K.L.:
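Here it is: the structure, laid out below.
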Amino acid sequence: MELIVDREHLGPSTDEWNDRIAGEGISYLSLERVRRLVVIAPHPDDEVLGAGGLIETALREGVLVEVVSVTDGESSHPNSQIAREIDIAAIRRRESELALRRLGWDQPLITFLGLPDGDVASHRRELDDALEDLLLPDDLCVAPWRRDGHPDHDACGESALCASARVAAKSLGYLVWAWHWANPQGFDIPFEECVRLDLTRRARARKRWSAEAFHSQILPLGPSDEDDAILPPSLLRRFWRPYEVFVNERVRT
Ligand SMILES: [Zn+2]
């Protein structure tokens, strides 16, 4: 697996994934016995791209929701002069708050851990401790799948899986970058272990409106190549599908 994201590497089409998902007979996720949903976001925007529909559904069904924003995503444009001149961390925190309000959440509850963007793996202990402190038995903890393909995503996924197992919370892995690098005809994503959530029209509309709050990621910061949008329309499109998929992985201890 290699994560290359640029104009030449746009990943599989939405149709290819839709065809694969349709043929998989994936079981449906129920929130019936979930008291609280805790969503772990490595970078502000992952919570919406990977689980925005789930957050909207949980809020509508009266489930408590909390988001843990692990880094501020301050390294999204590492070579951009403009990014150095603005407080991109503060901008991304505000974008996340606005995005969550657009999902129907009046006062989003977000814990910002402020770990370094790009180096979560070196701070695993800190993250593990924070998640173990926060999680309660019977919470549903949703984090990136631990093989999503970005080092911060994988570290968050691994940490959430372990912390959830230790406190007897349930956990699921959401997919962001796996949709980009995985082969729709192959076995990269373990669909036999997945559950799906079908989104209402309202949830889909809210998710899309919510993602549009991330101006610093969906629009270019400036005119040079280094300022390019991280999430151009061609890439965002795959998150507008009428369902979300989560990996229901068992911890093997
Ligand atoms: Zn991310």
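A quick note: this is a predicted structure, and the numbers were derived from the prediction, not measured. Whatever order the structure lists ligands and atoms in, that order sets their numbers, starting from 1. For reference, positions follow the sequence shown, starting with 1. These numbers come from the heavy atoms of this one structure, side chains and all, not from hydrogens, waters or symmetry mates.
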K.L.:
So, applying side chain to side chain contact (heavy atoms under 4.5 Å, CB included) with Cys194, which one of Asn248, Val245, Leu172 is it?
P.N.:
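Checked Asn248, Val245, Leu172 against Cys194; only one passes side chain to side chain contact (heavy atoms under 4.5 Å, CB included): Val245.
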
K.L.:
Can you tell me if CD on Glu192 sees more than 12 non-hydrogen neighbours from other groups inside 6.0 Å?
P.N.:
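It does: Glu192 CD has more than 12 such atoms within range.
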
K.L.:
The Zn ion (ligand 1) to His150: any N/O/S contact under 2.8 Å?
P.N.:
no

K.L.:
Taking all non-hydrogen atoms of both residues into account, name the closest pair between Asp138 and Lys170 and its distance.
P.N.:
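Looks like O-NZ, 4.1 Å.
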
K.L.:
How about Asp46: does one of its N, O or S atoms come closer than 2.8 Å to the Zn ion (ligand 1)?
P.N.:
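Yes, Asp46 qualifies, because one of its backbone or side-chain N, O or S atoms lies under 2.8 Å.
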
K.L.:
Any non-hydrogen side-chain atom of Arg102 less than 4.5 Å from a side-chain atom of Arg208?
P.N.:
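Contact flag for Arg102/Arg208 side chains = no.
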
K.L.:
By atom name, which N, O or S atom of His43 is the nearest to the Zn ion (ligand 1)?
P.N.:
ND1

